[in-house]
Amino acid sequence: MQQVRLADLARGKIAVGEVVCIQGWVRTKRESKAGVAFVHVFDGSWVDAYQVVVSRELPNFDSSVACLSSGCAVRIVGTHQLSQGKGQQTEVLAHRVEVVGWVDHPDTYPVAPKRHSMEYLRQIAHLRPRTNTFAAIARLRHELTQAVHRFFCKNHFVWVNTPIITTSDCEGAGEAFTVTTLDPDTAARDSQGKVDFRHDFFHRKAFLTVSGQLGLEAYCQGMGRVYSFGPTFRAENSNTSRHLAEFWMIEPEIAFCDLHQNADWAEAFLKYVFREALDRCDEDMRFFAKHFDKHSIDRLEQVVEQPFVRMDYTEAIHLLERAPRQFTFPVAWGVNLQSEHERYLTEQVVKRPLVVMNYPREIKPFYMRVNDDGKTLAAMDVLVPGIGEIIGGSQREERLEELDTRMAELGLDAEDYAWYRDLRRYGTVPHAGFGLGLERALLYLSGMDNIRDVIPFPRTPGSAAF
């Protein structure tokens with residue numbers, strides 16, 4: 001007999017009449033007066049549970065089947081047949097039902113088949129993959145990560161595994177987690193009373209990485225096109241629906257590349273991975289459109305099909321200043337664009353994705369290239385309708401003198417970045433890159449409201465369970 005996934009049965013990949021073996025967990029069970037039980041089983045491969053018909057004539061019906069409850073693990077052998085009921089085309093007529101794992105207390109099973117709030121499910125993150133929503137998110141996340149690797153592989157990028165532990169705070173914002181083996185109560189102190197990290201494991205202060213970019217710059221200037229894809233960390237005490245302390249970043253870095261070419265790559269990448277998600281996760285995308293955002297598929301199709309508009313930051317500010325509405329955050333040249341500004345530009349002005357370029361130097365990190373006007377940097381943000389910024393990137397500063405000036409402006413110690421400065425001394429080239437947070441992309445794809453619901457085990461202020 002065939003051991004099959006429920007997705008293959010539901011999609012018609014298994015011939016009617018075949019004897020099959022399915023394995024999974026019980027979602028619901030009901031018994032009819034006609035002497036049969038209808039057991040709905042899920043195995044994580046399909047967007048919904050699959051119906052199994054069990055006759056009371058089975059030898060273990062009273063001892064096992066009749067006692068089944070939500071969450072029990074089962075192995076079922078039966079015939080794949082056309083269904084007589086509504087809601088499914090086929091079903092399995094059971095010949096044998098084996099209970100692999102019982103639920104100890106069915107009345108208190110935490111994910112019993114009813115509508116649970118997202119807040120409740122976050123408290124039992126170890127069980128929420130048993131719900132339709134979180135199984136769909138897991139499948140979508142898997143397909144999106146595979147699409148990321150396919151895009152870069154097809155375009156001859158090399159995947160580089162940059163360090164998770166680093167001594168460089170890439171963004172310079174001081175929001176990095178310190179990694180130490182020292183006991184803060186007994187650690188040696190310097191003359192200013194601060195912990196002396198020379199006695200630590202790495203003999204200096206180290207952090208969890210906020211970005212793999214700086215390391216990627218080293219590899220791109222020897223290999224041309226590279227990317228990293230892995231976990232990053234921010235110790236930003238933001239308890240919002242858009243922030244995580246641990247999340248996954250996709251970061252390509254491209255040698256011999258300017259800002260406009262960088263925008264071309266970002267647009268091509270976003271369109272590719274969104275197209276792949278739409279094509280490979282069509283059942284799950286329809287599920288999200290039905291339950292979370294009815295416009296999600298249409299919005300994604302527009303992103304994939306329409307060319308992105310490009311606009312200077314200065315022009316964007318002028319448009320916002322002339323907007324026939326009031327913003328919560330005031331608009332002026334030199335401020336960071338807020339989500340309400342970005343959404344107005346994409347949803348009301350250009351009505352499609354938008355790349356805003358050339359931001360003021362005061363609001364961006366040290367590594368971005370200074371433009372000829374001295375006031376702006378070769379930075380870009382890709383904005384999409386619905387959420388605003390989804391990708392951030394820039395052309396990097398390849399000129400040593402300008403880099404040193406920027407580092408001095410921001411109070412960074414040049415000695416801490418000696419290796420990074422070397423890249424500007426030994427065969428420097430124009431280069432650029434960008435970053436996309438995987439969870440931010442999943443929010444956009446699914447239409448879900450909270451970023452904590454698109455990562456398996458969210459890490460947020462005050463929460464690091466499991």
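The model shown is predicted, which means the values in this text are computed figures rather than measured ones. Numbering starts at 1 and runs along the sequence shown. For the numbers below, each heavy atom of this structure counts, side chains included, while hydrogens, waters and symmetry mates do not.
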Open item on the list: Run the side-chain contact (heavy atoms from CB on, under 4.5 Å) test on Gln261 and Ile254 for me, step by step, so that the C-alpha distance in whole Å, both residues' side-chain angles and the decisive distance to 0.1 Å come before the verdict.
Closed with: CA-CA 9 Å; Gln261 293 168 315; Ile254 309 133; over 6 Å; no
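- Atom CD of Glu362 sits about 8.0 Å away from atom CG of Leu377, to the nearest 0.5 Å.
- Between Phe327 and Tyr344, a ring centre-to-centre spacing shorter than 6.0 Å is recorded.
- In terms of the side-chain contact (heavy atoms from CB on, under 4.5 Å) criterion, residue partners of Ala135 (sequence neighbours excluded) are, by chain and number, Arg139.
- Heavy atoms from other residues, nucleotides or ligands lying under 6.0 Å from NE2 of His149 number more than 12.
- Using a 4.0 Å cut-off between charged nitrogen and carboxylate oxygen, Arg122 and Asp453 count as a salt-bridge pair.
- Aromatic rings of Phe366 and Tyr417 (six-membered ring for Trp) have centroids within the 6.0 Å cut-off, being under it.
- Scanning all heavy atoms of the two residues, the minimum distance from Ser64 to Trp102 falls at O-CH2, 3.5 Å.
- Counting heavy-atom neighbours within 6.0 Å of Tyr219 OH, excluding the residue itself, gives a total of 12 or less.
- Note on Lys271 versus Glu305: no salt bridge recorded, every NZ/NE/NH1/NH2 to OD/OE distance being 4.0 Å or above.
- The two residues Leu442 and Val454 have their closest heavy-atom pair at CD1-O, 3.5 Å.
- Checked by atom type, the side-chain pair Glu217/Gln213 shows a donor-acceptor distance below 3.5 Å.
- Around atom CZ of Phe201, no more than 12 heavy atoms belonging to other residues, nucleotides or ligands sit under 6.0 Å away.
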Sequence neighbours excluded and cut-off under 3.5 Å, please list the side-chain donor-acceptor pairs for residues 385-395, or say none.
{"residue": "Ser394", "atom": "OG", "partner": "Arg396", "partner atom": "NH1", "Å": "2.7"}
{"residue": "Gln395", "atom": "OE1", "partner": "Leu259", "partner atom": "N", "Å": "3.2"}

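- Shown here for Val382 and Ala266, the closest heavy-atom pair between the two residues is CG2-CB, 4.1 Å.
- Within the 4.5 Å cutoff, side-chain heavy atoms of Leu121 are placed close to those of Val111.
- Looking only at side-chain heavy atoms (C-beta outward), Leu300 and Met285 come within less than 4.5 Å of each other.
- Residues Asn358 and Ala378 come closest through the heavy atom pair OD1-CA, 3.9 Å.
- Asp293 places a side-chain N or O within 3.5 Å of a backbone atom of His295 that can act as its donor or acceptor partner.
- Remark: side-chain polar atoms of Arg130 are not paired, donor with acceptor, to backbone N or O of Phe42 under 3.5 angstrom.
- Each of Phe269, Tyr272, Trp265 was checked for a side-chain contact (heavy atoms from CB on, under 4.5 Å) with Asn155, and the lone residue meeting it is Trp265.
- Shown here are the side-chain contact (heavy atoms from CB on, under 4.5 Å) partners of Arg204, two or more places apart in sequence or in another chain: Thr167, Asp416.
- The side-chain heavy atoms of Phe329 and Leu337, taken from C-beta on, include no pair separated by under 4.5 Å.
- Looking only at distances, no side-chain donor or acceptor of Glu143 sits under 3.5 Å from a matching main-chain atom of Cys281.
- Around atom CZ of Arg150, more than 12 heavy atoms belonging to other residues, nucleotides or ligands sit under 6.0 Å away.
- Between the side chain of Ser463 and the main chain of Thr460, no donor-acceptor pair closer than 3.5 Å is present.
- Contact of the Met448 side chain with the Thr133 side chain is registered, since non-hydrogen atoms from C-beta on lie closer than 4.5 Å.
- Counting heavy atoms of neighbouring residues, nucleotides and ligands inside a 6.0 Å radius, atom CD of Glu415 does not exceed 12 of them.
- Nearest heavy atoms, Arg27 versus Ala49: CB-CB, 4.0 Å.
- With hydrogens and angles disregarded, a donor-acceptor distance shorter than 3.5 Å links the side chain of Tyr313 to the backbone of Gly334.
- A donor-acceptor pair shorter than 3.5 Å can be found between the side chains of Tyr359 and Asp381.
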- [ ] Please assess Phe274 against Tyr444 for the test side-chain contact (heavy atoms from CB on, under 4.5 Å), listing each intermediate value before the final yes or no.
- [x] CA-CA 10 Å; Phe274 281 4; Tyr444 194 63; 3.6 Å; yes
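- Under the 3.5 Å distance criterion, the side-chain polar atoms of Glu276 are left unmatched by any main-chain donor or acceptor of Leu144.
- Put simply, CZ on Arg452 and CZ on Arg242 are 11.5 Å apart, with the number rounded to the nearest 0.5 Å.
- Closest non-hydrogen pair, His341 versus Val331, comes out as NE2-CG2, 3.5 Å.
- Looking only at distances, no side-chain donor or acceptor of Ser228 sits under 3.5 Å from a matching main-chain atom of Val160.
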- [ ] Report the C-alpha distance between Glu397 and Arg406 in whole Å, list the side-chain angles of each, state the deciding distance to 0.1 Å, and finish with yes or no for side-chain contact (heavy atoms from CB on, under 4.5 Å).
- [x] CA-CA 9 Å; Glu397 182 56 80; Arg406 285 288 290 149; 5.6 Å; no
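- Side-chain N or O atoms of Arg459 include none that pairs as donor or acceptor with a backbone N or O of Leu244 at under 3.5 Å.
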TODO: Evaluate the side-chain contact (heavy atoms from CB on, under 4.5 Å) criterion for residues Arg189 and Val195: first the C-alpha distance (whole Å), next the side-chain angles of each, then the deciding distance (0.1 Å), finally the verdict.
DONE: CA-CA 5 Å; Arg189 307 277 169 167; Val195 172; 3.4 Å; yes
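- The backbone N or O of Phe308 sits less than 3.5 Å from a side-chain atom of Glu267, completing a donor-acceptor pair.
- Under a 3.5 Å cut-off, the side chain of Asp190 and the backbone N or O of Gly193 do form a donor-acceptor pair.
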TODO: Just do the salt bridge (Lys or Arg N to Asp or Glu O under 4.0 Å) check on Asp284 and Arg141 with the steps written out, would you?
DONE: CA-CA 11 Å; Asp284 291 321; Arg141 186 182 178 101; over 6 Å; no
